[in-house]
Every structure is written in structure tokens, then in C-alpha cells.
Amino acid sequence: MYKVLLVDDEAIARTGLRTTFDWEGYGYRLVGEASNGQKALKWIEAGEVDILITDIAMPVMDGLELTRRTRQLCPWVKVLLLSCHSDFEYVREGIRLGAADYILKPTLDSASLKDVLERMRQKLEEEKRLERIVTEHERQQREQRKRADEKTLYMALHGEAAAMENLAGFRSDGQFVVAVCRLDGGPRSDGFGAAPLDGEEEMERFKSCLYEQLPDALAVRTGPDLLAAWVPVDGMERSEDPRCDHLLRPLAAFATIGLSRRYAGPQRLAEAYVEASASLEASFFYREGRIFHAEDIGALGDRGGPEQAKPELQALRAALAVGNLPRCEVLLQSVMERWMPSRMGKQEVLVEAEELLGMLSTYSLSALPIVSPAFELTRLRSVEEVRSVMLDAFQAVRDEPNRGPFPEATLHERIVLQAISYINAHYTEPISLQEVADEVAVSRNYFSELFKRVTGSNFIDYVIDLRVKRAKELLAATSLRVYEVAELSGFNDVKYFSKLFKKLVGMTPAEYQGLNRK
């Protein structure tokens with residue numbers, strides 16, 4: 001219902017208007033009445049009026065001044081002036097001030113009032129319709145600008161100079177931080193880590209939450225479950241919250257966040273993005289905490305890197321070869337003790353863990369599902385989960401029936417190790433099971449069975465695993481096109497490569513390259 005306010009200094013006139021017209025029957029609701037314009041303003045200022053019916057001649061504030069004030073405060077309100085015959089010049093002034101219509105009091109009756117109100121209702125509805133159209137158009141334009149800005153941000157985060165120049169055109173040189181947010185998913189059905197959220201709906205929902213919390217921010221998806229956000233902090237005193245936790249704390253209920261230090265100027269975006277990504281990496285080592293800061297990561301000190309573990313890894317391989325499992329367990333624990341942020345980064349830990357799993361697979365007497373090539377260590381969310389996988393894999397090797405150093409096992413291992421050495425040197429070329437069997441001088445069927453029993457993987461899966469690992473290295477470290485990466489990794493069909501990569505890695509080659517291009 002449209003809301004109507006009656007204003008007349010004559011009480012009998014207001015009573016007549018109120019009681020002789022079926023307001024609700026015609027779709028109107030009287031919100032109040034007043035004896036002069038001054039008293040009527042409280043309804044106008046509160047925005048509670050759609051139609052104002054006012055006399056012109058009143059004390060304190062007349063109808064003309066009330067019309068002027070109403071049009072200033074609430075331009076959408078339709079004003080109906082009530083006048084006497086002698087008030088025509090006043091009526092003309094009222095129309096000039098914005099009144100929608102007028103009725104002479106001597107001719108006022110229900111029919112004439114109904115007709116005038118109906119015209120006003122139609123004007124109100126048409127204006128609302130037009131306003132909805134304009135509002136929707138403006139909303140779409142804002143969204144289009146936002147999407148364009150997001151694309152520019154993505155390129156700027158990855159260091160493209162032209163994008164940075166465009167970004168500089170619509171962003172000030174004030175202070176900002178970059179936040180990299182990883183959405184927290186539920187447990188995987190196989191019990192390992194957390195599933196990356198590749199659903200567009202989940203990511204858009206989180207982005208909407210971010211924009212609601214930080215309207216001036218820009219955010220763009222940088223991975224299956226990752227969102228990078230540019231967050232301006234202009235005007236915020238450093239003493240208030242130099243680490244900007246209060247800006248992101250509400251979002252930390254849904255995501256783990258890596259935060260850069262403060263920077264100024266869009267030319268520093270790429271640097272801040274790398275820093276925020278490194279901060280997020282710290283969550284791999286610390287289970288507690290939701291927001292990780294670049295200031296803390298920078299204080300971790302020099303890392304020893306994976307080179308220092310090579311003697312232990314070689315000793316572990318030798319202990320596995322002779323079946324000295326107690327010694328293997330000690331060495332495995334020693335290697336894993338190095339997995340701390342002061343000594344290694346997340347990627348270094350994952351590379352070393354992958355090498356260990358491959359080693360355990362090679363010296364296993366039976367198939368080990370836990371070290372299937374399809375399994376992705378990168379899906380694990382914490383170093384504790386990686387340690388748990390390693391211990392489970394070692395437990396599976398230790399508990400195998402007939403585990404022990406047998407002479408025939410040593411011979412089998414030598415054959416398979418010779419085959420693996422050949423495969424590692426030729427996997428990017430067309431290579432067949434028969435070719436490798438010929439290389440180690442055994443029959444094709446015997447080699448296939450032996451390879452499966454010793455490594456826990458069949459020949460083709462082992463080769464595919466090597467090729468996918470090589471593809472990941474090329475995508476992460478180069479700007480080669482996908483078809484070039486496929487060829488250099490040993491795949492002669494780029495469509496098959498892309499489909500297989502998506503199945504094993506959880507994202508397309510292009511998405512993986514974008515995720516790792518820093």
C-alpha cells in the first residue's frame with residue numbers, strides 16, 4: 001500500500017478527508033495527519049510518505065514551503081495541493097516547486113480524489129519500474145567493472161607490467177596488503193588431507209563474503225581452492241592493527257589466510273603476492289592459527305634445504321636393500337625431523353616425501369596402494385599429515401608377509417633397479433614394456449609381473465607418473481604452452497595429456513601453470 005500524509009490546519013477538513021474516503025479499499029494507508037507543515041516534517045524526514053496531501057494556506061509553515069522541503073528531502077513523494085479559488089497563483093507556484101497535482105477544495109469529493117490519487121500511483125509505479133531498470137543496469141555495470149578489475153589484478157599479481165599500469169590507473173598509491181586465502185574443505189573419502197574445493201559455487205560464495213567484509217578489496221581465484229585478495233588499508237593508522245588481522249578475522253572462520261606486509265603502489269603487487277603465498281605456506285607446519293604473517297615467516301632464518309638429507313636418504317635406501325628395517329625406521333624418523341619451517345619449505349618437504357614413497361615402493365614385496373602414482377601428496381594440508389602417510393607406508397612395508405632379505409629378492413631388485421634406471425633415462429621418449437624387458441634380458445611377461453611385485457605399480461602407471469611429474473615441473477618453472485609441455489614430457493596427444501593431468505592432479509595443466517607462476 002502507498003502511504004499518505006494529510007496536512008491541513010482545519011481539523012474538520014482533515015476529519016472529512018480521513019472518514020469519507022475508503023483509503024485501504026483503494027490501496028492506500030494513512031500514516032498520520034498534521035495541522036501545519038512544521039509538524040508534518042517528522043514523517044517526511046523519516047521517509048514514511050509516498051503521497052502528501054496538503055493545504056496551501058497554513059500557519060507556521062504553509063503548503064508551499066512544505067512542498068519545497070519535501071521535494072528536497074524525498075524527491076519521490078507526490079504532492080497534492082488543496083486550494084481555494086483565490087489561491088490559483090499559489091497553486092501555480094506549488095506546481096513550479098514540484099507538486100504533482102492540485103484539487104480545489106469546493107470541488108473535492110471521493111471520485112475526484114480517487115482519480116488524482118490513481119494518477120499519482122501510476123507515476124510512482126512507473127518511477128519505481130524505471131528505478132529498478134536503472135539500478136539493475138548500474139549493478140551490472142559495477143559487476144562488469146569488478147570482473148575486468150579482477151582480470152587485471154590476476155595479471156598484475158603475476159608481474160605483467162602492462163596490467164600493473166592499468167591497475168595504477170584506477171587504484172591509488174596508498175598502502176595495501178595482499179591476502180592469499182585457502183578455503184577449508186572437508187576430509188577426503190580416502191582419509192588423506194582435505195579435498196580441494198573446485199566448485200565454482202563455493203569459491204563465489206567465499207568471494208561474496210570477502211567483498212561484503214571488504215567492499216574496496218579486489219579478489220581473484222588463483223587455484224582450485226585459493227583466492228588472492230588486494231586489500232587497501234589507506235588511512236588506517238599502523239598503531240591500530242599493523243598486521244591487519246581485524247580486516248580478515250571474520251573470513252578466517254572459512255579459510256586459512258597468508259598475509260603480506262604493507263606495500264604502496266601497484267608495482268609492488270607481485271612482490272606482495274609472493275610474500276602472502278609464502279605466508280600461507282606456513283600453515284603447512286603449524287596446525288594452530290588461521291592468519292599467517294609475512295613478518296613471522298621472514299624471521300624463520302636460513303633453511304638448510306634438501307641437500308643436507310641426501311646422506312640419510314642414501315643410507316635409508318641401503319638399509320632397505322638389505323632388509324634392515326629397524327635401521328630404516330631410525331633413518332626415516334631422522335629425515336622427517338628436518339621437516340620444520342626453519343630448515344625446509346613446504347615444496348621441499350613434499351619433494352622429499354615423494355622420493356621416500358618411491359623408495360618404499362621400490363623395496364616393497366607386494367603392491368602398496370598408499371603409494372599409487374595417482375596419489376597426490378600436494379593435497380595434504382599439513383606436515384603432520386605427510387609424516388602420517390610416511391609412517392603408514394613404512395608400516396605397510398614392515399608388516400608384509402615373508403618380509404626379509406632373501407637372495408632371490410636381491411636379484412629381483414637388481415633387475416628392477418636396472419629397468420628403472422633405463423626408464424628414468426627414456427620415459428620422455430616412446431617406450432614400451434617389451435623394450436625395457438629386452439634391456440634387462442628377461443621375457444616380457446616375467447618382467448611385467450616382477451616390476452609390479454617389486455615396485456607396487458604396473459609399468460604403464462609408473463611411466464605415466466614420471467611423465468606427469470615432469471609436466472608439473474615444466475608447468476611450474478617455464479612459460480611453455482601446454483602442447484609443448486606435453487611433448488617434452490613424453491605425451492604425443494595433448495588432449496589425452498590434459499584429460500589425464502586433470503584426473504591425476506585435480507586441475508588442468510593451464511590452471512596448474514597459473515597457480516605456480518609467481
Side-chain angles (χ1 to χ4, degrees), residues 142-183 203 206-223 225-283 286 289-301 341 345 514-515 517-518:
R142 285 195 302 272
E143 286 192 357
Q144 289 174 359
R145 286 196 297 269
K146 198 84 166 179
R147 294 294 178 261
D149 288 353
E150 288 173 359
K151 291 180 181 179
T152 303
L153 175 66
Y154 182 86
M155 293 185 290
L157 288 174
H158 292 84
E160 295 196 18
M164 291 181 182
E165 292 175 4
N166 292 335
L167 198 63
F170 58 80
R171 290 290 180 236
S172 72
D173 290 337
Q175 287 193 330
F176 66 87
V177 297
V178 170
V180 177
C181 312
R182 186 186 66 221
L183 270 66
M203 294 299 292
F206 181 76
K207 188 189 290 186
S208 296
C209 285
L210 188 145
Y211 283 152
E212 182 178 343
Q213 178 70 22
L214 302 167
D216 295 329
L218 270 180
V220 63
R221 189 174 179 179
T222 57
D225 58 349
L226 292 175
L227 203 72
W230 174 90
V231 183
V233 292
D234 289 355
M236 188 177 70
E237 293 297 330
R238 181 171 289 272
S239 59
E240 288 181 15
D241 182 3
R243 297 160 72 88
C244 303
D245 276 18
H246 72 287
L247 295 175
L248 297 160
R249 198 172 295 119
L251 297 169
F254 311 102
T256 303
I257 299 171
L259 201 60
S260 76
R261 288 171 290 189
R262 294 189 185 205
Y263 287 90
Q267 69 276 8
R268 305 295 299 277
L269 270 170
E271 181 181 350
Y273 173 56
V274 170
E275 197 172 77
S277 299
S279 301
L280 180 62
E281 184 179 296
S283 66
Y286 301 105
R290 310 295 299 176
I291 303 177
F292 296 87
H293 300 270
E295 291 92 338
D296 299 332
I297 306 306
L300 293 177
L515 175 65
R517 186 182 295 168
K518 298 180 180 179

For residues [X] and [Y], determine if any side-chain heavy atom of one lies less than 4.5 Å from a side-chain heavy atom of the other.
{"X": "L280", "Y": "L226", "result": "yes"}
{"X": "V177", "Y": "W230", "result": "no"}
{"X": "L153", "Y": "L157", "result": "yes"}
{"X": "R221", "Y": "Y154", "result": "no"}

Shortest non-hydrogen separation from L210 to A217 and the atoms involved: CD2-CB, 3.9 Å
Heavy atoms only: give me the nearest Y273-A228 pair and the separation to one decimal.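 Closest approach of Y273 to A228, heavy atoms only: CE1-CB, 3.8 Å.
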Looking at F254, I'd like to know if its CZ atom is crowded, meaning that more than 12 non-hydrogen atoms belonging to other residues, nucleotides or ligands lie closer than 6.0 Å.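 It does not: F254 CZ has 12 such atoms or fewer within range.
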Does E212 have any side chain to side chain donor-acceptor pair (under 3.5 Å) partners at least two apart in sequence or in another chain, and if so, which? none
Please identify each residue that fulfils side chain to side chain donor-acceptor pair (under 3.5 Å) with R147, with sequence neighbours left out. E150
Can you tell me how far [atom2] of [Y] sits from [atom1] of [X], rounded to the nearest 0.5 angstrom?
{"X": "L183", "Y": "D225", "atom1": "CG", "atom2": "CG", "answer": "7.0 Å"}
{"X": "E281", "Y": "F292", "atom1": "CD", "atom2": "CZ", "answer": "11.5 Å"}
{"X": "K207", "Y": "C181", "atom1": "NZ", "atom2": "SG", "answer": "12.0 Å"}
{"X": "R290", "Y": "R182", "atom1": "CZ", "atom2": "CZ", "answer": "8.5 Å"}

Start with the C-alpha distance between K151 and V220, add both sets of side-chain angles, then the distance that settles side-chain contact (heavy atoms from CB on, under 4.5 Å), and finish with yes or no. CA-CA 7 Å; K151 291 180 181 179; V220 63; over 6 Å; no
Is S279 reaching over with its side chain to a backbone N or O of A294, donor-acceptor style, under 3.5 angstrom? yes
Not counting sequence neighbours, which residues clear side chain to side chain contact (heavy atoms under 4.5 Å, CB included) with A272? List them please. F176, V178, S260, Y263
